[in-house]
Amino acid sequence: MEKIVKGNAFVLGNNVDTDQIIPAEHLVYSLSDPEEKKKYGHFALSSVPISQSGLPNGGIPFITGENYTSEFNILIGGANFGCGSSREHAPFALQVAGVKAIIAESYARIFYRNCVDGGFLLPYETPIKLSEKIKTGDELELNVEMNSLKNITTGEIFSLRSLGDILPIIEAGDIFKYARQSGMLA
Amino acid sequence: MAMTITEKILAKAAGKKNVEPGVNVWLDVDVLMTHDVCGPPTIDIWKREFGGQAKIWDKDKLVIFPDHYIFTKNPQANRNVEILREFANEFGIQNYYDVGTDRYKGVCHIALAEEGFDLPGTVLFGTDSHTCTSGAFGMFSTGVGNTDAAFILGTGKIWEKIPESLKFTFDGELPPYLTAKDLILKVLGEITTDGGTYRALEFDGDAVFSLSMDERMTLTNMAIEAGAMNGIIAADAVTETYVKQRTKKPYEIFHSDQDANYIAKYRFDASKMEPSVAKPHSPDNYDIVRNVKGTKLTKSYIGSCTGGKLSDFVAAAKILFGNKTAVPTFIVPASTLIAQQLEEETISGVSLKQIFENAGCVVAQSSCAACLGGPMDTIGRAVDGETIISTTNRNFPGRMGSKKSAVYLASPLTVAASALTGVITDPRDFL
Ligand code: SF4
């Protein structure tokens with residue numbers, strides 16, 4: 001896993017629920033067929049109200065045209081990110097769309113667990129309201145070793161909460177791979 | 001370092017001296033619970049990931065209760081129970097409580113308590129969001145998805161993020177027209193369905209410690225309705241008496257330190273509170289009964305892990321005694337033990353069951369039944385156009401079976417009083 005994640009910010013508000021992340025009508029596509037699973041990327045964040053999509057101004061679609069990956073790959077969220085139904089497709093859709101990390105003030109518990117245990121994304125927490133400090137499109141650099149985030153566009157550096165004991169799971173790939181590697185499973 | 005009760009239990013299970021909110025730790029799990037809805041997919045993932053050599057980390061710590069879709073002709077539902085039965089046979093699972101045998105228990109969260117699996121200071125995970133119920137015993141308990149459950153099944157371990165804690169203190173004496181359901185509906189009205197997200201809800205105060213274990217479980221059961229990770233009440237003499245009657249297993253009692261950290265503290269005077277409802281279609285849509293009284297009903301329902309315990313039926317029977325219900329009323333004891341107690345417990349020499357039958361209620365077999373709708377042939381299931389008053393824990397659209405029905409959540413006293421009049425009624429009118 002990369003220790004430095006570089007990318008462009010996509011800023012969202014509070015209470016982004018899993019229906020906004022991947023609407024229920026799209027849960028029908030195969031998760032393993034490489035062509036079909038691209039659709040999850042194409043529809044990622046497609047139900048975020050347009051006024052809330054790409055803050056502070058909104059009106060920025062996460063995915064454009066026929067694409068299935070986004071030009072934005074670090075999400076900045078507010079409180080209670082990933083609330084609503086506990087579908088595991090939500091972090092998967094974001095991963096397919098090219099998202100590498102989320103930095104939010106807080107997460108709904110099942111979404112957070114799914115990000116880690118399925119090996120989809122880095123879910124970082126921050127005590128700071130980053131949505132007021134970072135604009136959609138800002139260039140960011142996430143340092144996983146230092147637990148810090150640099151806004152290259154403005155030069156500001158923010159410290160993030162450590163991932164603690166779950167970092168090795170993310171590094172291994174998913175929770176089962178981690179267990180096999182670490183000898184937790186005989 | 002000062003810690004809350006939740007932090008202390010998790011620190012112990014993580015083998016650490018201290019833990020802090022926000023930090024992820026690995027826990028040793030004391031009990032894993034699953035049921036007929038999530039058990040089969042959990043077993044599938046476990047087999048897929050751990051292969052033909054898949055081993056259960058500790059057979060004695062796995063507890064399986066078929067309880068959700070039980071008395072139905074639905075083939076998928078019955079196949080799920082069949083999968084559990086085969087699994088229990090193949091792997092020699094002692095703590096499997098099969099349908100159609102005298103081991104059958106009913107709703108998992110209540111059966112866990114009755115069978116002595118709820119032990120102060122321990123850590124329990126279950127494939128059901130209301131696993132938080134067991135927190136009434138001063139233990140840590142929470143729900144997980146099938147992937148996490150499969151992982152626990154193979155390893156006995158799971159990681160968890162230490163939650164921040166919120167504290168709810170209920171002072172004073174609970175008046176006879178209120179129950180624990182009125183208290184928790186009030187809490188949900190205050191903090192809403194995301195006010196507890198990734199947090200621990202700790203209940204405290206004289207009014208809480210005056211409650212029976214049944215009533216305490218009503219409080220912790222609905223912690224998840226606020227999005228919380230767990231609900232918890234420190235164990236006391238009431239807890240110990242309950243536990244010792246059921247098991248000889250060891251346990252350890254923890255208390256929050258005086259100066260432990262809470263992100264918020266709420267205080268209520270229980271003696272001044274009002275009978276409460278959650279209006280359609282969300283458990284945090286709080287109101288007092290007086291503001292909605294007179295609302296016309298088509299059905300009333302007393303059952304589930306939060307509202308189908310002995311204490312709930314004793315409360316309802318007090319009001320129903322010697323009266324006739326005005327709308328169809330369903331009595332669904334959460335467990336087979338409670339069903340038996342309905343026949344044994346009496347008021348003025350009449351058994352609770354007889355009181356209900358005399359009032360014209362339908363007394364059903366123990367299971368989750370219409371709490372979550374269930375297959376079409378589920379007893380008490382909501383149909384289009386209904387307005388129901390219920391002691392259950394969720395009133396989201398469609399939860400009890402029909403998206404075109406409306407459900408009010410209330411205490412067993414309020415539900416019983418309303419059953420007699422056919423409109424939402426303040427229980428004080430009958431007490
Ligand atoms: S009774 Fe209702 S809330 Fe309780 S476990 Fe069954 S379905 Fe869930």
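If you're wondering where the values come from, they're calculated on a predicted model, not measured in any experiment. Numbers restart at 1 for each chain; the letters A, B, ... are given by sequence-line order, proteins then strands.
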Peer 1: If you count heavy atoms of other groups shown closer than 6.0 angstrom to NZ of A/K39, is the number above 12?
Peer 2: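 No, NZ of A/K39 has 12 or fewer neighbouring heavy atoms, counting only those of other groups under 6.0 Å.
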Peer 1: Looking only at heavy atoms, which of residues 24-43 of chain B get nearer than 4.5 Å to chain A?
Peer 2: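 B/N24, B/V25, B/W26, listed by number.
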Peer 1: Determine the option with the most heavy-atom pairs under 4.5 angstrom with chain A, choosing from B/S129, B/G143, B/P163.
Peer 2: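 So the answer, after comparing B/S129, B/G143, B/P163, is B/G143.
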Peer 1: Which members of residues 89-108 of chain A, sorted by number, sit under 4.5 angstrom from chain B on a heavy-atom basis?
Peer 2: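 Within residues 89-108 of chain A, the residues under 4.5 Å from chain B are A/Y107, A/A108.
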Peer 1: Should we say atom NZ of B/K17 is surrounded by more than 12 heavy atoms from elsewhere, each under 6.0 Å from it?
Peer 2: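 Not more than 12 within 6.0 Å, no.
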Peer 1: Mark yes or no for whether A/R109, through its side chain, and B/K161, through its backbone, hold a donor-acceptor pair below 3.5 Å.
Peer 2: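 No, the answer is negative, given that no donor and acceptor are paired below the 3.5 Å cut-off.
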Peer 1: Considering residues, nucleotides and ligands other than A/Y68, do more than 12 of their heavy atoms fall under 6.0 Å from its OH?
Peer 2: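 No, OH of A/Y68 has 12 or fewer neighbouring heavy atoms, counting only those of other groups under 6.0 Å.
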Peer 1: For B/N285, does the CG atom sit with more than 12 other heavy atoms under 6.0 Å from it, leaving out its own atoms?
Peer 2: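 Yes, enclosed.
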Peer 1: Is A/Y178 in contact with chain B via its backbone, its side chain, both, or neither, using a 4.5 Å heavy-atom distance?
Peer 2: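 Answer is side chain: those atoms of A/Y178 sit under 4.5 Å from chain B.
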Peer 1: B/E49 and A/R180: which non-hydrogen atoms are nearest, and at how many Å?
Peer 2: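 Taking every non-hydrogen atom into account, O-NH1, 2.7 Å.
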Peer 1: Under a 4.5 Å cutoff for heavy-atom pairs, which residue among B/V23, B/D194, B/I45 has the most contacts with chain A?
Peer 2: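 It is B/D194.
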Peer 1: Which side chain to side chain donor-acceptor pair (under 3.5 Å) pairs, counting each pair once, include a residue from residues 53-64 of chain A, with sequence neighbours left out?
Peer 2: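 Passing the test, one end in residues 53-64 of chain A: A/T64-A/N67.
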Peer 1: Kindly indicate whether the side chain of A/N114, heavy atoms from C-beta on, has any atom under 4.5 Å from the side chain of B/T147.
Peer 2: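 Not touching, per the 4.5 Å side-chain cut-off.
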Peer 1: Does any backbone or side-chain atom of A/R161 lie under 4.5 Å from a heavy atom of chain B? Answer side chain, backbone, both or neither.
Peer 2: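 Contact with chain B: side chain only.
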Peer 1: State whether a side-chain donor-acceptor pair under 3.5 Å links A/N80 with B/T197.
Peer 2: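 Their side chains do contain a donor-acceptor pair, which is all the 3.5 Å distance test asks for.
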Peer 1: Say you draw a straight line from CG of A/D165 to CH2 of B/W159; how long is it, rounded to the nearest 0.5 Å?
Peer 2: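 So the CG of A/D165 and the CH2 of B/W159 are separated by 10.5 Å.
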Peer 1: Around atom NZ of B/K61, are there more than 12 heavy atoms of other residues, nucleotides or ligands at under 6.0 Å?
Peer 2: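 Counting other residues, nucleotides and ligands, NZ of B/K61 exceeds 12 neighbours.
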Peer 1: Taking everything shown except A/E156 itself, do over 12 heavy atoms lie less than 6.0 Å from its CD?
Peer 2: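 Yes, CD of A/E156 has more than 12 neighbouring heavy atoms, counting only those of other groups under 6.0 Å.
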Peer 1: Once side-chain hydrogen bond (donor to acceptor under 3.5 Å, both in side chains) is applied, do any residues pair with A/K37, and if so which ones, sequence neighbours excluded?
Peer 2: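 Scan of A/K37 (side-chain hydrogen bond (donor to acceptor under 3.5 Å, both in side chains), adjacent residues dropped) gives none.
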Peer 1: Would you compute the distance between atom OG1 of B/T193 and atom CG of A/N15 and round it to the nearest 0.5 angstrom?
Peer 2: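 Nearest 0.5 Å value for the OG1-CG distance: 8.5 Å.
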Peer 1: Contact between B/F151 and A/I175 at the side-chain level, heavy atoms closer than 4.5 Å - yes or no?
Peer 2: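 A side-chain contact exists here, since the closest heavy-atom pair is under 4.5 Å.
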Peer 1: Counting only non-hydrogen atoms closer than 4.5 Å, does A/L167 touch chain B with its backbone (N, CA, C, O), its side chain (CB onward), both, or neither?
Peer 2: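 Neither part, no heavy atoms under 4.5 Å.
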Peer 1: Would you say CE of A/M146 has more than 12 non-hydrogen atoms from neighbouring residues, nucleotides or ligands within 6.0 angstrom?
Peer 2: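 It does not: A/M146 CE has 12 such atoms or fewer within range.
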Peer 1: Which atoms of B/K55 are under 4.5 Å from chain A, going by heavy atoms: the side chain, the backbone, both sets, or neither?
Peer 2: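 For B/K55, no heavy atom lies under 4.5 Å from chain A.
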